[in-house]
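Beneath this line is the structure, given in structure tokens, with notes to follow.
We name chains A, B, ... by the order of the sequence lines, and we start the count at 1 in each one. Any value given below was found using the heavy atoms of this structure, including those in side chains, with hydrogens, waters and symmetry copies removed.
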Protein chains: 2
Amino acid sequence: MDWLFEVGIERPEKGARDATRRIDAQLRAAIADGRLAPGVRLPATRQAAAAFGVSRNTAVEVYDRLLHDGYVVARQGAGTFVAERPPAAGAVIDEGAPAAERPLNPFWLRPEVSDAIGFWRSSGDDPHADAPAVELRPALVDGRLFPHDVFRRIMAQQLRALERSPPSYRGPQGNQGNGRLRAAITRHIAVTRAVACQPEDVIVVAGAQQAFDLLARSLIDRPGAVVAFEDPGYPPMRAAFAAAGAVLHPTPVDAEGLIVECLPDAARIVCLCPSHQFPLGVSLSPARRRALLAWARRRGAVIVEDDYDGEFRYAGSPLEALRAGGTDIVFYVGTFSKCMLPSLRLGFLVAPEWARPTLVAAKNALDWHCPILLQTAVAAFIAEGRLTRHVRRMRQVYRRRRDLLLERLSGDLSPWLEPIPSSYGMHLAALARPGVDADAAADVLARRGVRLHSLERYHLGPPTSRGLVFGFGAADEAQIERGLDLLHETLRR
Amino acid sequence: MDWLFEVGIERPEKGARDATRRIDAQLRAAIADGRLAPGVRLPATRQAAAAFGVSRNTAVEVYDRLLHDGYVVARQGAGTFVAERPPAAGAVIDEGAPAAERPLNPFWLRPEVSDAIGFWRSSGDDPHADAPAVELRPALVDGRLFPHDVFRRIMAQQLRALERSPPSYRGPQGNQGNGRLRAAITRHIAVTRAVACQPEDVIVVAGAQQAFDLLARSLIDRPGAVVAFEDPGYPPMRAAFAAAGAVLHPTPVDAEGLIVECLPDAARIVCLCPSHQFPLGVSLSPARRRALLAWARRRGAVIVEDDYDGEFRYAGSPLEALRAGGTDIVFYVGTFSKCMLPSLRLGFLVAPEWARPTLVAAKNALDWHCPILLQTAVAAFIAEGRLTRHVRRMRQVYRRRRDLLLERLSGDLSPWLEPIPSSYGMHLAALARPGVDADAAADVLARRGVRLHSLERYHLGPPTSRGLVFGFGAADEAQIERGLDLLHETLRR
């Protein structure tokens with residue numbers, strides 16, 4: 001049976017970079033219009049891979065996305081079946097009007113949006129598996145080294161304080177965030193990032209992602225507003241702005257960071273990671289900083305500075321945050337997900353005065369404020385000097401891991417990969433030398449229990465860089481060695 | 001000096017119901033266009049009150065809103081001054097383009113939006129004051145009676161568990177919420193609200209307010225979509241839908257709840273509190289339930305059921321949640337802010353399958369997921385039977401307070417107020433008898449340290465009901481007596 005032919009799906013070109021997306025989009029369309037009817041059994045991933053001419057891992061990735069978004073269901077031991085009520089189909093309902101009439105914003109199920117939100121998933125990601133043998137994805141942290149005992153004590157203290165003066169009299173009314181936390185953040189970033197601000201400039205948010213969402217809803221003043229992003233960049237940030245109606249403009253990056261000359265005239269908002277480009281790891285050069293600030297001022301544009309791991313600097317004098325050059329046009333986004341724990345869901349936004357009432361109103365209308373207990377616990381953690389101590393310790397740990405990684409990349413891995421210099425953070429990128437298929441290497445490694453990203457998933461526009469991203473936030477030195485050994489084996493074939 | 005004349009501001013009609021809003025809007029306009037220039041000192045509240053012909057409290061309320069939104073600044077001992085860089089003014093900036101060109105969504109500073117978000121503020125609210133003598137605002141809870149010691153123990157357990165298996169390997173990727181919590185929620189609402197669902201139907205959100213925001217962003221499929229709300233109703237819920245581009249349609253309420261015959265044909269989304277109307281307290285009658293469900297089915301419309309305090313039932317057999325009549329068209333919103341603590345910022349949404357992938361995607365793109373620690377702590381709290389025990393205990397406490405309130409309202413306060421029957425929750429409303437100025441009474445009481453709301457602030461359309469809302473979630477019986485004594489004194493004059 002030529003299954004593809006029957007269903008009217010095209011096999012992507014061999015080696016097409018966006019094969020996963022194209023197969024996924026076609027299957028969704030076939031399910032939505034009924035060519036694949038509810039209850040129909042999809043071929044096993046091995047056969048699907050053969051039919052599409054892709055790796056089995058790619059087929060697994062596609063099925064996983066369809067499962068996650070409700071298009072198919074998996075039945076233990078029986079296989080994968082089209083869902084009875086897939087999202088975009090005119091499903092039969094109990095009584096009354098057909099589902100097609102129901103109010104539903106189609107934005108959230110667009111493949112590119114699912115891609116951006118599912119960004120962290122790696123090939124062969126099994127949500128039921130234990131931690132993989134080696135975790136080399138970027139932007140993860142080593143929870144094993146966090147001072148949990150200290151945090152536990154602090155939380156207990158804060159719970160007692162909560163008991164003594166319950167905040168319930170304030171009702172759910174909104175605010176910018178706990179005063180002590182905002183003061184602690186102010187002191188923290190003054191020291192680590194040379195950001196000079198006052199506590200009233202700080203808004204506490206539920207992580208950097210919520211900061212992006214609030215900025216999008218506060219700064220996009222009409223549908224179709226153009227927002228420029230670094231490309232390759234960070235897809236979840238783009239999704240937040242797209243949700244608010246922005247048109248996303250991918251802007252290239254080179255060794256000096258964002259190429260300011262390539263910014264579109266129409267853009268009024270530029271988003272970037274100036275201290276540690278994500279994922280390439282380069283820092284915005286002083287010349288580009290000046291050019292970017294001048295460019296923004298000439299146009300009345302604003303800049304969103306995503307400084308997710310700026311505390312972790314390894315070489316050279318610390319770069320001032322971009323904000324120092326434009327406190328009235330730069331929105332500085334910070335997070336506790338890297339220097340503390342991502343599970344806390346806490347971050348902050350330092351905003352110019354003219355935008356602050358708008359941002360605070362948007363935050364209040366969204367979810368009032370962040371949980372008081374976590375805010376006061378983090379404030380106390382910082383005030384006791386624990387954050388400084390933890391960052392200092394982790395900087396040493398991450399530096400050793402980074403040095404190990406660079407040694408291998410410049411050593412036995414250098415025939416295939418060229419590291420991009422980076423003085424910050426818990427990841428670095430390596431470009432693939434000509435003829436090296438980085439995406440396939442990542443797929444193979446995933447099957448062998450090593451999770452890492454290739455650069456492909458970070459691009460909005462055509463993939464201009466090919467290579468791999470190495471996160472060393474989660475894996476220890478032994479795990480890194482093991483992962484790189486497997487990478488070496490894989491690349492040799 | 002006729003200050004008003006000089007600035008070109010009109011004194012509102014004597015006794016105008018929306019005097020606060022009109023004065024506020026005019027002052028903002030005068031500041032925005034420079035008639036009140038940066039640095040200019042506003043008259044003291046006493047003089048402003050005399051000039052506008054309103055109570056001093058109203059003047060204080062207006063100044064407080066201008067302060068909160070950044071239009072004015074207060075200098076200790078010196079007075080209130082127009083801000084150097086008020087939000088909408090063409091403020092002078094360091095260099096470059098005028099502020100008027102900067103991207104800023106004006107939605108969040110509209111007076112009606114500020115009103116909705118500032119909903120919880122009461123007249124004379126001084127953010128620096130201690131808890132008032134008597135707190136009679138609705139939707140607050142008595143934190144003094146929460147089992148903090150139990151919660152502290154549970155949190156410590158969860159922190160230890162977090163330490164043993166750090167979730168960092170999952171990165172910030174999104175999900176519907178902690179599995180144990182969703183299972184616990186499922187069991188909890190099955191017992192308390194006869195909601196039959198599965199854990200996979202539940203999405204954990206940052207409180208009911210975030211549920212409204214996610215619903216608005218997931219269900220509004222085009223700008224100008226009509227959404228019907230109960231009027232009087234809950235302003236923060238309306239703000240979330242307005243932010244997503246909805247046109248708000250206020251729909252009247254009577255003793256049987258929402259008047260279904262008055263729903264606009266164009267509406268595809270209806271939001272209501274069927275078990276305990278907010279603020280009037282009535283329950284949707286069985287006849288209206290059937291009518292509403294039939295109305296929605298005929299049109300392919302959906303219903304948002306806000307069940308904020310449905311556990312607290314005092315008389316009669318429990319009403320099934322509205323959802324029981326339409327699991328495919330009703331979105332059930334629940335919260336832990338009333339049955340536990342508002343500072344946790346945790347709630348949940350039970351959604352039909354066809355909308356769930358969209359809602360989960362929107363939640364993930366917004367802030368990934370709620371803090372893991374709080375989710376697992378609440379899950380354990382529920383699993384240990386502590387929530388059931390706490391609700392049972394609080395139900396007794398609140399019932400006694402409610403009975404006391406009803407006694408006074410039917411007794412010495414009955415010449416001026418008529419209570420609206422209500423079998424649920426921690427507040428009830430009383431209509432003002434003819435000739436009784438409820439708004440003025442609330443103002444006077446606020447000055448005397450008793451915080452309570454009049455019905456005026458709950459209306460979107462013209463105020464059809466005049467009266468007072470009595471919350472008894474926060475105040476104990478002695479405080480309630482004292483507040484009612486002061487009310488009696490006030491009304492007698």
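Most heavy-atom pairs under 4.5 Å with chain A: of the set B:Ala362, B:Ala239, B:Ala208, this distinction falls to B:Ala362. When A:Val113, A:Asp221, A:Leu346, A:Leu373 are compared by the number of non-hydrogen pairs under 4.5 Å with chain B, A:Asp221 comes out ahead. Among B:Ala225, B:Gly207, B:Ala206, B:Ser218, the residue with the largest count of heavy-atom pairs under 4.5 Å with chain A is B:Ser218. In terms of non-hydrogen atom pairs under 4.5 Å with chain A, the most contact-rich of B:Leu374, B:Asn105, B:Leu359 is B:Asn105.
Both the backbone and the side chain of A:Thr358 have a heavy atom closer than 4.5 Å to some heavy atom of chain B. Using a 4.5 Å cut-off between heavy atoms, A:Ile220 contacts chain B through its backbone alone, with no side-chain atom that close. With a 4.5 angstrom heavy-atom cutoff, A:Asp213 touches chain B only via side-chain atoms.
In this structure, CG on B:Asn178 lies 11.5 Å from OG on A:Ser343, to the nearest 0.5 angstrom. The line from CE of B:Met155 to CD of A:Gln158 is 10.5 Å long, rounded to the nearest 0.5 Å. Distance CD1/A:Ile372 to CG/B:Leu344: 10.0 Å, rounded to 0.5 Å. Here B:Arg102 contributes atom CZ and A:Trp354 contributes atom CH2; the two are 5.5 Å apart, rounded to the nearest 0.5 Å.
One N or O on the side chain of B:Trp108 and one on the backbone of A:Arg217 form a donor-acceptor pair closer than 3.5 Å.
Legend: residues meeting ring pair (Phe, Tyr, Trp, His ring centres under 6.0 Å) with B:Phe336, ordered by chain and number and at least two apart, are B:Phe348. Checked against ring pair (Phe, Tyr, Trp, His ring centres under 6.0 Å), B:Phe146 has the following partners two or more places apart in sequence or in another chain: B:His148, B:Phe151, B:Phe381, B:His390.
When all heavy atoms of A:Gly300 and B:Pro103 are compared, the pair lying nearest together is O-CD, 3.5 Å. The two residues B:Gln210 and A:Gln210 have their closest heavy-atom pair at NE2-NE2, 4.4 Å.
Looking at A:Tyr71 and B:Pro357, their side chains never come closer than 4.5 Å, going by heavy atoms from C-beta outward. By the 4.5 Å heavy-atom criterion applied to side chains, B:Gln209 and A:Leu366 are not counted as neighbours.
A salt bridge links B:Arg152 with A:Glu163: the closest approach of a Lys/Arg side-chain nitrogen to an acidic carboxylate oxygen falls below 4.0 angstrom. Ion pairing between B:Asp149 and A:Arg160 fails under the 4.0 Å rule for side-chain N and carboxylate O.
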